[in-house]
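Below: one structure, written as structure tokens.
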Amino acid sequence: MKQQIVQILMNVVQQLKDQGILPEDASPRINVENTRDKSHGDLATNLAMMLTKAAGMPPRALAEKVVELIEAMEDRGAVEKVEIAGPGFINFFVKDDAKFAVIEQVFAQKEKFGRCNVGQGRSVLVEFVSANPTGPLHVGHGRGAAYGASVASLLEEAGFKVDKEYYVNDAGRQMDILATSVWLRYLALCGEEFDFPSNGYKGDYVFEISAELKREHGELLRKPAFEVFTGVCADEGQTDGDKEKHIDDLISKCKNLLGAAHYETVFAIGLNTILEDIKEDLEGFNVSFENWFSERSLMETGVVDAAIEKLQASGKIYEQNGALWFRSTDYGDEKDRVVVRDNGLKTYFASDIAYHFNKLERGYDILIDVWGSDHHGYVPRVKAAMEAMNTNPEALEVLLVQFAILYRGGEKLAMSTRSGQFVTLRDLRDEVGSDAARFFYVQRKSEQHMDFDLDLAKSQSNDNPVYYIQYAHARISSVLEQAAEKGMALDREAGMASLDKLELDQETDLAVQLAKYPEVIARAAVAYEPHQIAYYLKDLAHGLHSYYNACQFIVEDDTVRNARLTLILAVQQVLKNGLAILGVSAPEKM
RNA sequence: GCGCCCAUAGCUCAACUGGAUAGAGCAUCGCCCUUCUAAGGCGAGGGUUUCAGGUUCGAAUCCUGAUGGGCGUGCCA
């Protein structure tokens, strides 16, 4: 419908040029928008105001000329009436039967209604969550998970070919700290006595992994505590203590005393147990991934070395103080960055360069990374590396998600995986349910700081707008079911034939609302803003509830009844489609 | 210090990316269930869009500055 009006206006612009009112080289962007206020008609354009300079005419005078030309047209399609208003808006009133035409589209396309092709089949890799597998996901990760998954669905609806990926940081010091923590807890279970390192992982899940380790291997991996701790730097709080040095020494001891094979056993049980837990957790959150990409695999297959060589070939690598530096300042970064440390170890940044290069080599047109906003300083250097390797940095889109600031009873909550003080995503799901949590997270636009009051989320889960939307869906099911029970089951064909019986304001409102859905998808997708879907669905649900209260659907008159039931069935379809994008279920009963 | 992000009703957030009278939900106050699910509907009150300038037909939105908050500023991952 919007497209039709754009066509009409393009036609008008051409005529204005022909008449010499507009210069030949004028090529205005034709802007047709939905009106906010019904007295302004259904659609409006600001064309006259945009062209006021080019035409050298005041906006209202130009608008009158435009309206004149439109009214002179033979075929005005769905346009019933055109009006000029305000400073020079041209308002279009659309014929009712044209408004209800959308219902047929909904049934024709079913779950595909709303899809568009702005993506044109381009392939996208959406990487998100990617939390270190050193502990369970906490509620902070939940926002990234809900947002990333919804963005991915949204892009798919918009005609992109989408894969979702979780980058598993299974290499590096944090994982060694985890392995060492598991082993130390295991030693304690075996009866060894010592103080647990202040910098170790202290969560309960570490005990559980250690217990499993003991069940599987008995005392095979046991070493005396005095042997483990001799020669180890003192911990924080002790004289000359240094918690970083303390844990690093313990890692070395752990590796030496166990030997490579046994260390790998401990390492693997920690990694695998936690990764399995994360997978299961995300599944329960209705979030799935095509790939779980291992950082170690990058190292082992030499991709990191290859990437460093590629940078070297670009001449942007230099050596200083025994380390290899990447000259990212040449690409606008604040300072140069180390890729290989003086001790020969590659930095995390090095594997990240390799990882992004690898993503492009796999043939993706667009890379989307969903990161916590605390990593924003990281963006310029990754883009710099991509540019240095002759890949287009524009191909990478980093979406930053602001931290959820957690409160419990008005108190701000500090969270740290290391200390074991955090609320897990699983706890949240258990208490408020996956649907409510998914919706809650994605309701806010991602760059908004979000206050997350846990008590509120739990105690008032009934106030979560997700139920409002689901209720609308269930209500429709219920009405249709009762109509059938009364022997007045919906006859959709008859309904389609009698849509002219729909005369209430609520009915046209709903139809107009349905017609907006594909636009909302397209707009939300290119902006990476799933919250727009959430707001749209709230509006649509409101339209339905309002309609429900305004009249009876199951009435004696066949034509009216079938028309009304047909309309709400279409609404139900769109509610379902929208909820699916947000990863929320659409229940038949509540 | 420098860089990025944010600031809208009492609270939590929208505002179709520069459009018309800035909208929802909570919370407050009125109504509406012998009628298809009241997890609902209808209505009222509540605003100098943090502040000061600027850009233009037109600004919550863009620019400059100020104030307040978050984050970053490792040869950590």
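Throughout, protein chains are lettered first and strands after them, A, B, ... in sequence-line order, and every chain is numbered starting at 1.
- The separation of B/A39 from B/C26, taken at their P atoms, amounts to 13 Å, rounded to a whole angstrom.
- Taking atom P in both B/A24 and B/G70, one finds a spacing of 33 Å when rounded to whole Å.
- Checked against B/G41, B/A15, B/G19, the side chain of A/H545 finds its nearest nucleotide in B/G41.
- With respect to A/E507 and A/R564, a salt bridge is recorded, a charged nitrogen being found less than 4.0 Å from a carboxylate O.
- With sequence neighbours left out, the side-chain hydrogen bond (donor to acceptor under 3.5 Å, both in side chains) criterion links A/Q443 to no other residue.
- A donor and an acceptor atom, one from each side chain of A/T559 and A/D557, are located under 3.5 Å apart.
- A centroid separation of less than 6.0 Å is found between the aromatic rings of A/Y517 and A/Y536.
- Residue A/Q506 is classed as having no contact, given no heavy-atom separation below 4.0 Å to the nucleic acid.
- Between the side chains of A/Q174 and A/N169, no donor-acceptor pair of N or O atoms lies under 3.5 Å.
- By the rule that a glycosidic angle within 90° of 0 means syn, B/U49 does not qualify and counts as anti.
- Taking atom C1' in both B/G47 and B/G10, one finds a spacing of 12 Å when rounded to whole Å.
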Quick one: which protein N/O atoms are closer than 3.5 Å to N/O atoms of nucleotides 3-7 of chain B? Pair and distance per line, please.
| from | atom 1 | to | atom 2 | distance (Å) |
| --- | --- | --- | --- | --- |
| B/G3 | N2 | A/H376 | NE2 | 2.7 |
| B/C5 | O2' | A/Q402 | NE2 | 2.9 |
| B/A7 | OP1 | A/Q448 | NE2 | 3.2 |

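- Between the NE2 atom of A/H40 and the P atom of B/G23 there is a distance of 12 Å, rounded to whole Å.
- Using atom C1' as the reference point in both B/A14 and B/C33, the two lie 32 Å apart (nearest Å).
- A distance of 8.0 Å separates CG of A/D369 from CG of A/L399, quoted to the nearest 0.5 Å.
- With the nearest nucleotide of RNA chain B identified for both A/D539 and A/Q443, A/Q443 has the one nearer the 5' end.
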At a cut-off of 3.5 Å, list every protein nitrogen or oxygen paired with a nitrogen or oxygen from nucleotides 54-60 of chain B, distance to 0.1 Å.
none

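- Spacing of P atoms, B/C2 relative to B/A66, comes out at 9 Å, to the nearest Å.
- A sub-4.0 Å separation between OP1 or OP2 of B/G23 and a side-chain N or O of A/Y535 is absent.
- With a 3.5 Å ceiling on both atom-pair distances, B/A38 lacks any Watson-Crick or G-U wobble partner.
- Counting any heavy atom pair closer than 4.0 Å across all strands shown, A/A474 reaches a base atom.
- Note: CG (A/N91) to C1' (B/U21) measures 14 Å, nearest angstrom.
- Taking atom OH of residue A/Y548 and atom C1' of nucleotide B/U35, one finds them 9 Å apart after rounding to whole Å.
- In this structure, CZ of A/F440 is placed 14 Å from P of B/C26, rounded to the nearest angstrom.
- Distance check on atom C1': B/U61 versus B/U17 gives 8 Å, rounded to whole Å.
- When rounded to the nearest whole Å, the span between NZ of A/K538 and C1' of B/A24 equals 7 Å.
- The CD atom of A/E244 lies 8.5 Å from the CD atom of A/E236; values are rounded to the nearest 0.5 Å.
- Separating the OG1 atom in A/T180 from the CG atom in A/N199 is a distance of 11.5 Å, to the nearest 0.5 Å.
- In this structure a side-chain-to-backbone donor-acceptor pair under 3.5 Å is missing from A/K346 to A/S351.
- Using atom C1' as the reference point in both B/C51 and B/C31, the two lie 42 Å apart (nearest Å).
- Remark on RNA chain B: of its neighbouring residues A/Y468 and A/I90, the 5'-side contact belongs to A/I90, judged by nearest-heavy-atom nucleotide.
- Atoms CG (A/L490) and C1' (B/C36) sit 14 Å apart, rounded to a whole Å.
- Of the candidates B/C36, B/G72, B/U21, the closest approach to any side-chain atom of A/D37 belongs to B/U21.
- Between the A/T52 side chain and the A/M57 main chain, a donor and an acceptor come within less than 3.5 Å of each other.
- Atom CG in A/N549 sits about 12 Å away from atom P in B/A39, given to the nearest Å.
- You'll find the ring centres of A/H138 and A/H141 inside the 6.0 Å limit.
- Put simply, A/F89 rests on the base of B/A20: the two rings are less than 5.5 Å apart at their centres and nearly parallel, under 30°.
- Put simply, OG on A/S130 and CD on A/E295 are 10.5 Å apart, with the number rounded to the nearest 0.5 Å.
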Could you go through nucleotides 75-77 of chain B and list every protein N or O atom that sits under 3.5 Å from one of its N or O atoms, giving the distance for each pair?
| from | atom 1 | to | atom 2 | distance (Å) |
| --- | --- | --- | --- | --- |
| B/C75 | OP2 | A/K335 | NZ | 3.2 |
| B/C75 | O2 | A/D342 | N | 3.0 |
| B/C75 | O2 | A/D342 | OD1 | 3.0 |
| B/C75 | N4 | A/N321 | O | 3.2 |
| B/C76 | OP2 | A/R341 | NE | 3.2 |
| B/C76 | OP2 | A/R341 | NH1 | 2.3 |
| B/A77 | OP1 | A/R341 | NH2 | 3.1 |
| B/A77 | OP2 | A/Y348 | N | 3.4 |
| B/A77 | O3' | A/A171 | O | 3.3 |
| B/A77 | O2' | A/N132 | ND2 | 3.4 |

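- Comparing B/G25 with B/G43, their P atoms are spaced 11 Å from each other, to the whole Å.
- Using a 90° window around 0 for the glycosidic torsion, B/C71 falls outside it and is classed as anti.
- For A/A85, counting side-chain heavy atoms from C-beta on, the closest listed nucleotide (B/A20, B/C42, B/A14) is B/A20.
- Applying the salt bridge (Lys or Arg N to Asp or Glu O under 4.0 Å) test to every pair with at least one member in residues 531-544 of chain A, sequence neighbours left out, gives no pairs at all.
- The pairing partner recorded for B/C2 is B/G72, the criterion being a Watson-Crick or G-U wobble arrangement whose two distances lie under 3.5 angstrom.
- Within the 4.0 angstrom heavy-atom criterion, only backbone atoms of the sugar-phosphate kind lie near A/Q482; the bases stay farther away.
- Between A/H473 atom NE2 and B/C36 atom P there is a gap of 21 Å when expressed in whole angstrom units.
- Of the candidates B/A20, B/A14, B/C16, the closest approach to any side-chain atom of A/K445 belongs to B/A14.
- For the side-chain hydrogen bond (donor to acceptor under 3.5 Å, both in side chains) condition, the pairs that include at least one residue of residues 332-345 of chain A, sequence neighbours left out, are A/Y318-A/D336, A/S328-A/D333, A/T329-A/D336, A/D333-A/R337.
- Between A/W292 and A/Y166, the ring planes lie parallel to each other; the angle is under 30°, not in the 30° to 60° tilted range.
- One finds no side-chain N or O of A/R561 lying less than 4.0 angstrom from the OP1 or OP2 phosphate oxygen of B/C36.
- Side-chain proximity of A/Q532 to the nucleotides B/G40, B/C16, B/U17 is greatest for B/U17.
- The partner of B/A66 is B/U50, judged by Watson-Crick or G-U wobble contacts that both fall below 3.5 Å.
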